[in-house]
Chemist: 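This is the structure I want to talk about, given as structure tokens.
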There are 2 protein chains.
Amino acid sequence: MLHVHDLRQEPIQVPTRPRAFEPAARADQTIRLKQDQTIYSEGQKVLAFYQVEAGAIRIYRLMPDGHRHILSFCVKGDWFGLEQGDRRADFAEAVCEARIRPFATTGSSTFTNNLLNIALANLAKAQSRQMAMIEQSALKRVAVFIQEMAERHPGESEFDLMMCRSDVADYLGLTIETVARSFTKLRERRIIRLKGKLQRCVQLLDRDALAALAL
Amino acid sequence: MLHVHDLRQEPIQVPTRPRAFEPAARADQTIRLKQDQTIYSEGQKVLAFYQVEAGAIRIYRLMPDGHRHILSFCVKGDWFGLEQGDRRADFAEAVCEARIRPFATTGSSTFTNNLLNIALANLAKAQSRQMAMIEQSALKRVAVFIQEMAERHPGESEFDLMMCRSDVADYLGLTIETVARSFTKLRERRIIRLKGKLQRCVQLLDRDALAALAL
DNA sequence: CGTTCAATTGAGAATTCTCAAGGTCAGTGG
DNA sequence: CCACTGACCTTGAGAATTCTCAATTGAACG
């Protein structure tokens, strides 16, 4: 288990000159937060990450439709705010009165370690996946899935899913029947066309409609 | 974006002497996989991580009830197999014919970087959360949630959730009504007792029954 | 005592699951 | 050549679960 001291004794590539920290934050100095107080918001520059000393923090994202999805609750000892890239992808707020301790980062240039980048990339993927999975509509989940797969074949309007319906179902938390019905709906709406004997090859007919479904 | 060469030119703390790699793997040598071939299994020692060159890989876990949950599909360029700890928490199999390239790690001692540990811990949490969220029963999700919160108060049979029902709902992907109904069921079954004016303080009455629900 | 806020409960609508049946395609063997 | 088989996908119908919308409860507070 990591403790505050591990980091304080081995500060991670501290900025060479003083910098502004996240709102209300000062280097290595405990921050007191009131209920619902914001620590950072989506789009802000990443200037620090944090460890919770007391209380609880909620990390969340807002979907395009205004729906809020909480990625995690952080309590005493938990770390948050370490992200891929130099911009916040989510919001951090105090659930109740809380205390947190900030640690400095310099944004993107700090994280030169390849392993760290890989881990952060996978973390980012896991989180966006969490967002998609939680969507309650089966059709939306499948739409998100197809989009995700399509993004891996940039510029191509046709690609092979490679996996069977059962794989898709276990990935999306649905049954194979519901997956098949969702594919059928997308086919009926002329958003995709399915090819191949096993119907695993997807041709995108209407990217906009697909994106609209995936929100 | 990271490329293979980034890592090959700066090998990450390569083992001082030759080691055995994950089954069928040799250092920096492409591995060819047949459909459904296993790369590693849960519980195995972590000896390498991988980048996909062709085909697709499924990363999954098995729930205690035998239910399979796929955490991610990895395709060309994706990395997988970098985990917290020195034991596999999941399975990796080829979805179809595939090629992957292994990279050496020495297990736990390699990852001395604090940031990396934090990132991996958060990744692990996000993944186990993903598992819980995908569970289709609302009661099970709430049970998992209470367990998760209880684990943060070891030895205590009573603790304060701190967050409102709406926070819980947005975390579990349910409505506040369904959350309330699930709490009521747990209360009726004498698994928990709710205290405080806002019913946010949980007293655990039957940990075994809770664990059974959470699976 | 009325107001407010959060939580709870109820009833009907909507969605997904379960179970069952039917379809297609490739491979196999008579 | 053709029936049979197995694997996989699709479709249908009823059961179960959750959502939506509305009303109710309970505690705190002026």
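Throughout, a chain's letter reflects where its sequence line sits, starting with A, and its residues are numbered from 1. Every heavy atom of this structure was used, including side-chain atoms; hydrogens, water molecules and symmetry mates were not.
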Chemist: Among residues 138-150 of chain A, which ones have heavy-atom contacts with DNA chain D below 4.0 Å?
Modeler: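 The stretch gives none, as no residue of it lies under 4.0 Å from the strand.
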Chemist: Enumerate the salt bridge (charged side-chain N to carboxylate O under 4.0 Å, His left out) contacts for residues 183-198 of chain B, please, sequence neighbours excluded, ordered by first and then second residue.
Modeler: B:E158-B:K195
Chemist: Between the protein and nucleotides 21-23 of chain C, are there any N/O to N/O pairs under 3.5 Å, and if so, what are the atom names and distances?
Modeler:
none

Chemist: Can you give each donor-acceptor pair under 3.5 Å made by side-chain atoms of residues 55-64 of chain B, sequence neighbours left out, with the distance rounded to 0.1 Å?
Modeler:
{"unit_1": "B:R58", "atom_1": "NE", "unit_2": "B:E93", "atom_2": "OE1", "d": "3.1"}
{"unit_1": "B:R58", "atom_1": "NH1", "unit_2": "A:D167", "atom_2": "OD1", "d": "3.3"}
{"unit_1": "B:R58", "atom_1": "NH1", "unit_2": "A:D167", "atom_2": "OD2", "d": "2.6"}
{"unit_1": "B:R58", "atom_1": "NH2", "unit_2": "B:D36", "atom_2": "OD1", "d": "2.4"}
{"unit_1": "B:R58", "atom_1": "NH2", "unit_2": "B:E93", "atom_2": "OE1", "d": "3.2"}
{"unit_1": "B:Y60", "atom_1": "OH", "unit_2": "B:E93", "atom_2": "OE2", "d": "2.6"}
{"unit_1": "B:R61", "atom_1": "NH2", "unit_2": "B:Q127", "atom_2": "OE1", "d": "3.2"}

Chemist: Where along residues 188-206 of chain A does a heavy atom fall under 4.0 Å from DNA chain C?
Modeler: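 Here the set is A:K197.
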Chemist: Checking A:L139 against A:L186 for the side-chain contact (heavy atoms from CB on, under 4.5 Å) test, could you report, in this order, the C-alpha distance in whole Å, the side-chain angles of both residues, the deciding distance, and whether it holds?
Modeler: CA-CA 8 Å; A:L139 189 60; A:L186 293 175; 3.9 Å; yes
Chemist: Find the distance between CD1 (A:I176) and CZ (A:R165) and round it off to the nearest 0.5 Å.
Modeler: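 Between A:I176 CD1 and A:R165 CZ, I get 10.0 Å after rounding to 0.5 Å.
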Chemist: State the SG-CD distance between B:C164 and A:Q35, to the nearest 0.5 angstrom.
Modeler: 8.5 Å
Chemist: Which residues in residues 165-180 of chain A have at least one heavy atom lying under 4.0 Å from any atom of DNA chain C?
Modeler: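 Those residues whose heavy atoms fall under 4.0 Å from DNA chain C, taken from residues 165-180 of chain A in numerical order, are A:G173, A:L174, A:T175, A:E177, A:T178.
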Chemist: I'd like the 5' and 3' limits of the part of DNA chain D contacted by chain B, with heavy-atom contacts below 4.0 Å.
Modeler: D:dT18 to D:dA28
Chemist: Return each pair, listed once, that meets ring-ring contact (aromatic ring centres under 6.0 Å, His included) where at least one residue sits in residues 161-188 of chain B; pairs must be two or more places apart or across chains.
Modeler: A:F73-B:Y171, B:F145-B:Y171
Chemist: So, do B:F49 and B:W79 sit near enough that their side-chain heavy atoms are less than 4.5 Å apart?
Modeler: yes
Chemist: Want to settle it: does A:F183 or B:R181 sit nearer the 5' end of DNA chain D, counting the closest nucleotide to each?
Modeler: A:F183
Chemist: Calculate, to the nearest 0.5 Å, the distance between atoms CE and CG belonging to A:M149 and A:L204 respectively.
Modeler: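 The CE atom of A:M149 sits 13.0 Å away from the CG atom of A:L204.
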Chemist: State plainly whether the residues A:E53 and A:R101 are in salt-bridge range, i.e. N to O under 4.0 Å.
Modeler: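 A:R101 and A:E53: salt-bridged.
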Chemist: ring-ring contact (aromatic ring centres under 6.0 Å, His included): which pairs involve residues 195-215 of chain B, sequence neighbours left out?
Modeler: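 Applying ring-ring contact (aromatic ring centres under 6.0 Å, His included) to every pair that reaches into residues 195-215 of chain B, excluding sequence neighbours, yields nothing.
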Chemist: My understanding is that only residues two or more places apart in sequence, or in another chain, count here; which of them pass ring pair (Phe, Tyr, Trp, His ring centres under 6.0 Å) with B:H153?
Modeler: B:F159
Chemist: Kindly compute the distance separating CG (A:L194) from OG1 (A:T184), expressed to the nearest 0.5 Å.
Modeler: 8.0 Å
Chemist: Sort and list the pairs that fulfil ring-ring contact (aromatic ring centres under 6.0 Å, His included) and have at least one residue in residues 193-215 of chain B, not counting sequence neighbours.
Modeler: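 As it turns out, there is no ring-ring contact (aromatic ring centres under 6.0 Å, His included) pair with a partner in residues 193-215 of chain B once direct neighbours are skipped.
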Chemist: Which value, rounded to the nearest 0.5 Å, describes the distance between B:D206 atom CG and B:I192 atom CD1?
Modeler: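 Between B:D206 CG and B:I192 CD1, I get 11.5 Å after rounding to 0.5 Å.
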Chemist: Would a distance-only check, ignoring hydrogens and angles, find a side-chain to backbone donor-acceptor pair under 3.5 Å from B:T178 to B:L174?
Modeler: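 A pair under 3.5 Å: no.
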Chemist: Identify whether the distance between the nearest side-chain nitrogen and carboxylate oxygen of B:D160 and B:R200 falls below 4.0 Å.
Modeler: no
Chemist: When the C1' atoms of the five terminal pairs at each end define the local axes, what inter-axis angle does the helix from C:dC1-D:dG30 to C:dG30-D:dC1 show, to 10 degrees?
Modeler: 10°
